[in-house]
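Everything below concerns the one structure shown next.
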Amino acid sequence: MAVAIQIRSVTKSYQRAGETLRVLDELDLDMAPATFYALMGPSGSGKTTLLNLLGGLDRADSGEVRFGDTDLQGLSGGELAAWRARNIGFVFQGFNLLPVLTARENVELPLLLQPLSASQRRDQAERALQLVGLGDRMAHKPRELSGGQEQRVAIARAIASDPAVILADEPTGDLDRTTADSVLSLLQRLNRELHKTILMVTHDPQAASYADQVIHLDKGKLGRIETNHPARS
Ligand code: ADP
Ligand code: MG
C-alpha cells in the first residue's frame, strides 16, 4: 500500500561532551508514494539520523513525522515497534546478516515479530528470496554467498513483510561497481513493480542516478531536490 510521508519542522540534537549538536534543524520534507529517492550529503550531515527517525528507530525532539495518517511522534514505544515491523524494511551497508543462520532463516527473522505461523513465515521468506533471484540459495549461510548475494538476502529480509517503505543506508557502499549495479537495479525494480517507496543514502552519483529524485542534505538542512526521471503513470 503506497503511502505519502510528511516531515514537518523536525529537529534532532545529540549531546556530546557537554555540548548540544543540532543534527537536523527544522527540517521539512514531502515524499510522494511509490517513489525512489536517493539521499546525498557530506559525512555527518544527518543522513542516518533522518533514516532512523523515518524508520521509528529514534524520535525527533520536536516536529512531526507522518506516514499517511500515522504520526510517529504520537505512538508509544511498543506501538512504534509494531508499526515498524509492518511498514518499514531496513537495508544496511554491511548487510547485517546473522552468520549462523541460512539465507531463509535470516529472512524469516523479522517475521517473528508478526502474528504468523511457522509455515506462513517460511512461505513469505521463500517468496522474498525468489523475488530477489536467490531461490536456489535459500539453504546457504552468508559466508557461502558473494557480497552481492548477501545484500540481496538482506533486501529479501527487508521486503518479506511487504512493507510500503524501504530505508537503505549506503546499501552499495561495500560492493564493486558491477555488483552494486545489480543491487541498484533490484531496488529500482522493487519500486517500479511493487511500488515500494525507497529512501537510499548514497555517496555515489551513479547509484543516485537509479532514483527518481535526489535529495541533498547539508548540516541538517535540505538543499535542492533533483529529478532524474519524469513521473511514471
Ligand atoms: P551521516 O549519516 O550523514 O554521516 P549521522 O546522521 O550519522 O550523519 O550523524 C550526524 C551527526 O550526529 C554526526 O556529527 C554524528 O557524530 C552525530 N551523531 C549521530 N548519532 C549520534 C548519537 N547517538 N550520539 C551523539 N552524536 C551522534
Ligand atoms: Mg550515515
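The figures that follow rest on heavy atoms only: side chains count, while hydrogens, waters and symmetry mates do not. Quick caveat, the model's predicted, so the values are computed rather than measured. Every number for a ligand or one of its atoms is a count from 1 in the order of the listing.
- Both Leu199 and Leu57 belong to a single network of hydrophobic side chains, linked directly or stepwise wherever heavy atoms of I, L, V, M, F, W or Y lie under 4.5 Å apart.
- Residues Thr48 and Val201 fail the side-chain proximity criterion, which asks for heavy atoms closer than 4.5 Å.
- With hydrogens and angles left out, the side-chain atoms of Asp181 and Tyr210 include a donor and acceptor closer than 3.5 Å.
- The salt bridge (charged side-chain N to carboxylate O under 4.0 Å, His left out) search around Arg84 returns none, not counting sequence neighbours.
- Contacts of ligand 1 (protein heavy-atom distance under 4.0 Å) are Tyr14, Arg16, Leu21, Val23, Pro42, Ser43, Gly44, Ser45, Gly46, Lys47, Thr48, Thr49.
- Under the 3.5 Å distance criterion, with hydrogens and angles disregarded, a donor-acceptor pair is assigned to the side chains of Glu226 and His216.
- Residue-environment remark: CD (Gln15) exceeds the threshold of 12 foreign heavy atoms within 6.0 Å.
- Heavy-atom neighbours of Asp176 CG from other residues, nucleotides or ligands within 6.0 Å: above the threshold of 12.
- Judged as a salt bridge (Lys or Arg N to Asp or Glu O under 4.0 Å), the pairs with a partner in residues 44-59 (not counting sequence neighbours) are, in order, Lys12-Asp58.
- Remark: the Thr11 side chain and the Asp61 side chain contain no N/O donor-acceptor pair separated by less than 3.5 Å.
- Neighbouring protein atoms of the Mg ion (ligand 2) (N, O or S, distance under 2.8 Å, waters ignored): Thr48 OG1.
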